[in-house]
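The block underneath contains the structure these notes are about, expressed in C-alpha cells.
Note that the coordinates shown come from a computational prediction; the quantities given were computed from them, not determined experimentally.
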Amino acid sequence: MQAHAAGWETTHLFGVSPTLGTTRGGWTGHLIPLTRDVTEVTDEWIRIGNGWAYKAHPVKQQGMVPVWKFER
C-alpha cells in the first residue's frame, strides 16, 4: 500500500514475463522473489534488506504482467 501511494506501479513490484513467469530474472519486478524484508518505501526507492531498488531504473519489460495473472 505504501509503494502504491508513493507512485510505484504493480509491474515495477510484482511483474513477471507473460510466458515464462519468474524464470527470466530480467523480467521480474523488484519484489519477485522477495527474499528480504522491505523496511522503507519512498517515491524514488524501496529499501529491501541491505539493498535498494530505484524506481528510476527501468525494470518493466514490454508485456510484463502481475505475477497473479501469470498462466502457463
Atom pair OG1/NZ of Thr10 and Lys69 - distance to nearest 0.5 Å: 8.5 Å
Shortest non-hydrogen contact from Ile46 toward Ala3: CD1-CB, 4.4 Å
Contact check, side chains of Leu13 and Ile32, non-hydrogen atoms, under 4.5 Å: no
Whether over 12 other heavy atoms sit under 6.0 Å from Glu40 CD: yes
Lys55 side-chain N/O to His12 backbone N/O, donor-acceptor pair under 3.5 Å: no
Parallel, tilted or perpendicular: rings of Trp8 and His30 (30°, 60°): perpendicular
Hydrophobic cluster identity match, Leu31 and Leu20, side-chain contacts under 4.5 Å: no
Validation row: Met64, Trp27 side chains within 4.5 angstrom (heavy atoms): yes
Test item: Asp37 and Ile48 side chains (from C-beta on) under 4.5 Å apart, heavy atoms: no
Atom CG of Asp43 with >12 non-hydrogen neighbours under 6.0 angstrom: yes
Heavy-atom closest pair, residues Ala6 and Val41: CB-CG1, 4.3 Å
Rounded distance (nearest 0.5 Å) linking atom OH of Tyr54 with atom CH2 of Trp45: 7.5 Å
